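This report concerns only the one structure given below.
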Number of protein chains: 2
Amino acid sequence: MSDYRYRQLIDKMRRQGYRITPQRMATLRIMIESQEHLSAAQIYAALQEHFPTTSLATVYKTLAVLMKMGEVLELHGNGGEVHYDIMNPRPHPHLICVRCHRIVDADVGDALIAEQAALTQRMAHTMGYEVLGYRFDVYGLCPACREATKATG
Amino acid sequence: MSDYRYRQLIDKMRRQGYRITPQRMATLRIMIESQEHLSAAQIYAALQEHFPTTSLATVYKTLAVLMKMGEVLELHGNGGEVHYDIMNPRPHPHLICVRCHRIVDADVGDALIAEQAALTQRMAHTMGYEVLGYRFDVYGLCPACREATKATG
DNA sequence: TTAAGTGCAAAGGTTTTGCGAAACT
DNA sequence: AGTTTCGCAAAACCTTTGCACTTAA
């Protein structure tokens with residue numbers, strides 16, 4: 001559950017000597033509790049509600065810390081905007097809606113994930129590459145936008 | 001062969017009413033003949049040899065035309081830099097070296113590509129998504145960089 | 001001939017950085 | 001108390017745009 005992930009991250013940050021500030025706590029909460037993967041600007045906007053003085057620079061600095069810790073994954077969308085996945089920094093598929101730009105995890109079973117990983121290894125191996133990670137982003141229409149598109153034409 | 005692709009693109013541009021300028025011809029040649037997928041800056045640098053006055057703006061404008069024609073695929077790398085794939089604008093796996101930042105096509109058989117596509121459809125279907133495309137980027141070490149890493153430590 | 005393309009420079013948007021002030025440990 | 005972190009503003013970075021000049025068709 002998300003609360004577990006929150007504590008896990010706070011503990012890890014503390015253990016690694018990073019300070020736990022209200023801004024960082026709020027940033028983590030926002031990222032963890034969001035159903036979708038947010039961009040820096042979206043995190044910043046959400047922060048304004050409770051921490052109106054927090055700056056965008058601080059958001060970026062927090063994200064940089066999380067990146068260094070390997071606890072977030074950068075997702076480069078189509079428009080060059082970067083979104084951050086904090087729930088599952090290990091490679092896994094994302095579904096990106098080309099209409100509403102939301103990014104969600106492909107919540108598929110372990111079997112498909114394993115199949116994906118095996119396929120990746122085979123591909124890389126034939127090319128002599130050593131795999132360190134992969135990104136698998138599917139672009140399409142989310143259920144809501146499929147409906148909307150059907151209605152509008 | 002790459003010469004075929006070059007003529008194909010020139011013809012298509014002409015047919016669609018775009019003008020064939022020396023800058024555009026050179027840009028196409030550079031992109032097509034490169035073994036890797038170049039960024040705008042890399043294309044610009046390569047252009048300098050034969051067209052020293054060509055501007056980066058023109059490179060971007062040419063890329064915009066190719067995008068509109070659906071003849072290039074944008075590849076968003078790790079550092080936010082965008083590379084362009086002109087040889088195969090349809091979704092297919094890429095291998096990205098995290099050390100030298102080169103991006104090459106995963107030259108795997110049709111069987112694996114098909115397997116990949118099927119997997120994509122299944123994943124999206126369980127989430128209620130309509131697939132429009134996908135990006136599959138594998139991050140790792142290319143053969144050359146594996147050697148270099150082994151030597152240096 | 002003339003509409004499209006080029007190239008410069010300036011603007012736009014996002015991410016990063018420097019530094020004095022604030023705050024976590 | 002001592003450092004890290006904050007937050008502002010400025011810088012850096014890549015990409016886009018405006019406009020007079022040039023050029024492909």
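Numbered from 1 within each chain, the chains take letters A, B, ... in sequence-line order. It should be emphasised that the depicted structure is a prediction, and the values quoted were computed from it without experimental measurement.
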Quick check on [N]: is either OP1 or OP2 less than 4.0 Å from any side-chain nitrogen or oxygen of [X]?
X	N	value
Arg24(B)	dT6(C)	yes
Thr53(A)	dG7(D)	yes
Thr58(A)	dG7(D)	yes
Thr21(A)	dT4(D)	no
Gln23(B)	dG7(C)	yes

Using whole Å, what does the distance between atom [atom2] of nucleotide [N] and atom [atom1] of [X] come to?
X	N	atom1	atom2	result
Leu56(A)	dA11(D)	CG	C1'	15 Å
Ile20(B)	dG5(C)	CD1	C1'	12 Å
Leu66(B)	dG5(C)	CG	P	12 Å
Leu63(B)	dT6(C)	CG	P	12 Å
Tyr44(B)	dT6(C)	OH	P	14 Å
Lys61(B)	dG5(C)	NZ	P	10 Å
Lys68(A)	dT5(D)	NZ	P	9 Å
Phe51(A)	dG7(D)	CZ	P	9 Å

Toward the 5' end of DNA chain D, by each residue's nearest nucleotide, Arg14(B) or Ala57(B): Ala57(B)
Let me know, please, whether Ala40(B) or Arg19(B) comes out on the 5' side of the other along DNA chain D by nearest nucleotide. Ala40(B)
Would you indicate what Thr54(B) reaches in the nucleic acid, counting non-hydrogen atoms under 4.0 angstrom: base, sugar-phosphate, or nothing?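 Touches sugar-phosphate only.
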Closest-nucleotide 5' rank along DNA chain C - winner of Ala41(A) and Tyr18(B): Tyr18(B)
State, to 0.1 Å, how close [X] and [Y] come at their nearest heavy-atom pair, and which atoms those are.
X	Y	result
Met123(B)	Thr126(B)	O-OG1, 2.8 Å
Val104(A)	His37(A)	C-NE2, 4.3 Å
Thr54(A)	Gln48(A)	O-NE2, 3.4 Å

Just so I know, are the side chains of Val131(A) and Gln121(A) near enough to count as touching, which here means a heavy-atom distance under 4.5 Å? yes
List the residues meeting salt bridge (charged side-chain N to carboxylate O under 4.0 Å, His left out) with Lys12(B), not counting sequence neighbours, and say none if there are none.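 If we apply the salt bridge (charged side-chain N to carboxylate O under 4.0 Å, His left out) test to Lys12(B), skipping adjacent residues, the hits are Glu71(B).
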